[in-house]
4 protein chains.
Amino acid sequence: MAPKKRLAILAALDCFSETGFDGTSTKMIAQRAGIGEATIFRHFPTKRDLLLRLAAPVIRHILTPAAEQQAVALLDQHRDEPRLILREVMLSRLAFMTHYEPLVRILFQEALVNRELRDLIVAEATPLFQQLTEVVGIMGPVTPTDRERFFRTVGSLIAGYFIHRSILQPERDWDDAAEVDGMLAILFDGIGPKG
Amino acid sequence: MAPKKRLAILAALDCFSETGFDGTSTKMIAQRAGIGEATIFRHFPTKRDLLLRLAAPVIRHILTPAAEQQAVALLDQHRDEPRLILREVMLSRLAFMTHYEPLVRILFQEALVNRELRDLIVAEATPLFQQLTEVVGIMGPVTPTDRERFFRTVGSLIAGYFIHRSILQPERDWDDAAEVDGMLAILFDGIGPKG
Amino acid sequence: MAPKKRLAILAALDCFSETGFDGTSTKMIAQRAGIGEATIFRHFPTKRDLLLRLAAPVIRHILTPAAEQQAVALLDQHRDEPRLILREVMLSRLAFMTHYEPLVRILFQEALVNRELRDLIVAEATPLFQQLTEVVGIMGPVTPTDRERFFRTVGSLIAGYFIHRSILQPERDWDDAAEVDGMLAILFDGIGPKG
Amino acid sequence: MAPKKRLAILAALDCFSETGFDGTSTKMIAQRAGIGEATIFRHFPTKRDLLLRLAAPVIRHILTPAAEQQAVALLDQHRDEPRLILREVMLSRLAFMTHYEPLVRILFQEALVNRELRDLIVAEATPLFQQLTEVVGIMGPVTPTDRERFFRTVGSLIAGYFIHRSILQPERDWDDAAEVDGMLAILFDGIGPKG
DNA sequence: GATGAATGAGGTTTCATTCAT
DNA sequence: TATGAATGAAACCTCATTCAT
């Protein structure tokens, strides 16, 4: 890949995650990248394409297979300890989101507004869910409805924690492992005295 | 309140929810409201102020008074059935969000990028949490950490469901009550083979 | 005069002298005056009229007659000491300009661009010059050309000093009497060893 | 320099001098220059910057190098005739101001309101004054105070004449040389019956 | 007399994008 | 490949002024 193209992508990543897609101008990206504004358009026909080009590989090539492979591997090792499996998956997903934090912010943001991006995410998530059916079955949920709720619950918990930790109160000291354990406690045992 | 000011707010609400904040021009708002563009700026110093002015009451109404009053009333009636109380609260919050769905979508989106909006939300949420301490205590969580996790969990579940239902798959038929019961089941009893 | 009209004039005076005529909006004037913007237009058909209304009385009723009367009186007292006469006139003009400093600033500024204002000034200055013919004659210049140069010289010296003192270096401590004496020394005796 | 940038500067010069800074819109400049309005802002971040960019070289050329070099050269040739030296300097300065008359008018006007412009002028004038110390010393003024008064006097006389000639009575026929001689007569010998 | 509301016209500036080099 | 120059379109916002109350 042309070196300036790489610079453009990296700069766009930073800018989009800080100011949002519409709040970022191609001029800002060019300045941040230290390249000419026109160079961006040599590599991406459109600003929108730059965003998709940014998001697609993460969504497609990294998120899905990694999670899948990991889950399968864990499944083999700890078939009788579903809670441990889920713990590892959640922690690794969280680590991944933390590593790509700017991009994840973009996805949260833009997906709410950008249908293309949303479709891309949904399209990539669906097969993952299918492949994780077995793992989930071990944990309890068996009907499709229950499985969907399970996925949504786990996703909501992680996303909610990520937003709280990285966006709402980024200055606090956070202990990811402890928080994930807290989520698991609720998820598996429920809350409260009668939980 | 000046009648055209009202028109401006309503039109802005529609426009923002359809095209997003940055995707909406003040001209569009003025045309939709049937007023002069300058009129908008007589009443709101800035387009951004218009958004905040729009968001503030909804945020306040979503979070604070309704929830508080309702919770207290429910608490008196069903002091021994915390799960019922929470069910009512969640359903009414969900109904409210559904009613203001376009605006809520804007809030989700913009809050990720707009610090002012974020601060406004946090400012409105804080007193609510304090006032709900007692209710939550009945349900189980007593330490501050546990309470925080409880709030985050409930918030994440509702928000996650709202996004799934209203944004990701709005074409599906949803049964809010059933889904809330699903959330409560997990929240109180956890999942798992014996859940 | 209606009290709010007075407030408007005073506020306009301040604003114009600080930011210039074009740089001042009627909104700024209204805010500074603590009155409604529309009130200004009840009293002055136009922003431009407000400026003229501001400038005219000073130019017409104050500058001219005062100088004239004063010169005549001095002439009677010190007929044989023209330098003393001029000293008094210059000092009093300077004091006057200092007293109305904001307005004088406006005149300097706007007269360069505003023909109406310029004409008003020229129209009021002409008779003054004619009436001062005798005084000037005593000092030396007798031909019309010489008189004109004399007036221009004195005017330039005072205006130049005023601008230096009040606009370029307002923070310095200035001794008006000493500076006027310096001007007179040059004006009457010239500079330098051979002067 | 980009050709359209040059066009923009020239058009701005014309427009500003005809309608003043605030009275000129960037659209007018663009039309007069035959370029797109956005082109102006590619080359000058702000309309105000365009003015400063316009003014800086003229101020510099009016004040510093020409005057300095010329004065030094004249000093060598006519060391014993300071009046001749000053005559040449004044005439050449006047010629220069006449050549850039429109811009000079803007400078007079804007400098009264625009601090940046004022600072620019002061910044350019200061070194000139320092370098002219020797020349001035020959003419008489030796103390710093006297020198300052001398500079102010010469400046006031030239500016006053320029304004009279070019703004107040531009329709008259003027003889610059004769008028400068008149100024010099006053400056060196003073007025008065024996002057 | 006083003003809040309202606005058409127009201001400066930004934007994504094209093109010649 | 890379970019400075260029721009039409449109953005947000300001202005002097009118009008109903």
Side-chain angles (χ1 to χ4, degrees), chain A residues 1-5 7-8 21-30 33-50, chain B residues 1-8 22-30 33-50, chain C residues 1-5 7-8 21-30 33-50, chain D residues 1-8 22-30 33-50:
Chain A
M1 169 160 30
K4 305 242 171 172
K5 183 172 181 179
L7 288 173
F21 179 75
D22 284 313
T24 300
S25 69
T26 52
K27 187 183 193 179
M28 287 165 61
I29 298 172
I35 63 176
E37 204 177 346
T39 305
I40 295 173
F41 290 92
R42 272 208 70 71
H43 294 292
F44 309 94
T46 274
K47 187 187 165 196
R48 178 162 291 270
D49 283 300
L50 176 54
Chain B
M1 162 151 42
K4 306 236 173 173
K5 181 174 181 179
R6 190 171 201 80
L7 288 175
D22 286 307
T24 299
S25 71
T26 51
K27 189 183 206 172
M28 287 164 61
I29 298 172
I35 63 177
E37 202 178 347
T39 304
I40 295 173
F41 291 95
R42 250 205 74 73
H43 294 292
F44 309 95
T46 278
K47 187 188 167 194
R48 180 164 290 268
D49 279 299
L50 176 54
Chain C
M1 168 159 29
K4 305 241 171 171
K5 183 173 182 180
L7 288 174
F21 179 75
D22 284 313
T24 300
S25 69
T26 51
K27 187 184 192 181
M28 287 165 62
I29 298 172
I35 62 177
E37 204 177 345
T39 306
I40 294 174
F41 290 92
R42 271 207 72 71
H43 294 291
F44 309 95
T46 273
K47 189 188 167 195
R48 177 163 291 269
D49 283 300
L50 176 53
Chain D
M1 164 153 40
K4 305 237 173 174
K5 181 174 183 180
R6 189 170 199 80
L7 288 175
D22 284 309
T24 300
S25 70
T26 51
K27 190 183 206 172
M28 287 165 60
I29 297 172
I35 63 176
E37 203 177 347
T39 304
I40 295 173
F41 290 93
R42 251 205 73 72
H43 294 291
F44 310 95
T46 278
K47 188 189 166 193
R48 182 164 290 269
D49 280 299
L50 176 53

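Lettering follows sequence order; numbering is per chain, from 1.
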Starting at CZ of D:Arg42 and ending at C1' of E:dT13, how long is that distance when rounded to a whole Å?
14 Å
Quick check for you: among E:dT17, F:dT7, E:dT13, whose closest atom lies nearest to any side-chain atom of D:Thr39?
F:dT7
Which part of the nucleic acid, if any, lies within contact of B:Ile40, taking any heavy atom under 4.0 Å across all strands shown: a base, the sugar-phosphate backbone alone, or nothing?
nothing
Could you give the CG-to-P distance, from A:Leu50 to E:dT17, as a whole number of Å?
10 Å
Inter-residue atom distance C:Thr39.OG1 - C:Glu37.CD, 0.5 Å rounding:
9.5 Å
Calculate the interatomic distance between B:Lys5 atom NZ and E:dG4 atom C1'; express it in whole Å.
12 Å
In whole angstroms, the gap separating P of E:dA20 from CZ of A:Phe41 amounts to 18 Å
Close side-chain approach of D:Phe41 to D:Thr26, heavy-atom, < 4.5 Å
yes
Sorted by position of nearest nucleotide on DNA chain E, 5' first, the leading residue of C:Pro3 and D:Met28 is C:Pro3
Ignoring the backbone of C:Ala38, work out which of E:dT7, E:dT3, E:dC15 is nearest its side chain.
E:dT3
Nearest whole Å is fine: how far is E:dA16 C1' from A:Phe21 CZ?
10 Å
Phosphate OP1/OP2 of E:dG4: any B:His43 side-chain N/O under 4.0 Å:
no
Below the 4.0 Å mark, does F:dG4 have OP1 or OP2 next to a side-chain nitrogen or oxygen of D:Lys4?
no
Please report, rounded to the nearest Å, how far the P atom of F:dA2 is from the CZ atom of A:Phe44.
11 Å
Enter the distance from D:Arg6:CZ to D:Met1:CE here, rounded to the nearest 0.5 Å.
5.0 Å
Is it true that the NZ or CZ of B:Lys5 lies under 6.0 Å from the centre of B:Phe44's six-membered ring and within 45 degrees of the ring axis?
yes
Nearest-0.5 Å distance that lies between atom CZ in C:Arg42 and atom NZ in C:Lys4:
12.5 Å
More 5' along DNA chain F: C:Asp22 or B:Arg48, using each one's nearest nucleotide?
B:Arg48
Side chain of B:Lys47 only, please: which of F:dT7, F:dA6, F:dC12 is the nearest?
F:dC12
Please give, in whole Å, the distance from F:dA6 C1' to D:Arg6 CZ?
18 Å
Got A:Phe21 and B:Asp22 here, is their nearest side-chain heavy-atom distance under 4.5 Å?
no
Side-chain N,O (B:Ser25) to OP1/OP2 (F:dA10) below 4.0 Å
no
Tell me whether the side-chain N/O atoms of A:Thr26 come closer than 4.0 Å to OP1 or OP2 in E:dT17.
no
Nearest-nucleotide wise, let me know which of C:Glu37 and D:Ala2 is further upstream toward the 5' end of DNA chain F.
D:Ala2
Both A:Lys27 and C:Gly34 contact DNA chain E. Which one's nearest nucleotide lies toward the 5' end?
C:Gly34
Check whether any side-chain N or O of D:Ser25 sits under 3.5 Å from a backbone N or O of D:Met28 as a donor-acceptor pair, and report yes or no.
yes
Starting at the 5' end of DNA chain E, write a dot or bracket for each base, bracketing those in Watson-Crick or G-U wobble pairs whose two distances are under 3.5 Å and using | for partners on another strand.
.||||||||||||||||||||
Does F:dC12 have OP1 or OP2 sitting under 4.0 Å from an N or O in the side chain of B:Thr46?
no
Could you tell me if the side chain of D:Leu50 sits less than 4.5 Å from the side chain of D:Ile29, heavy atoms only?
yes
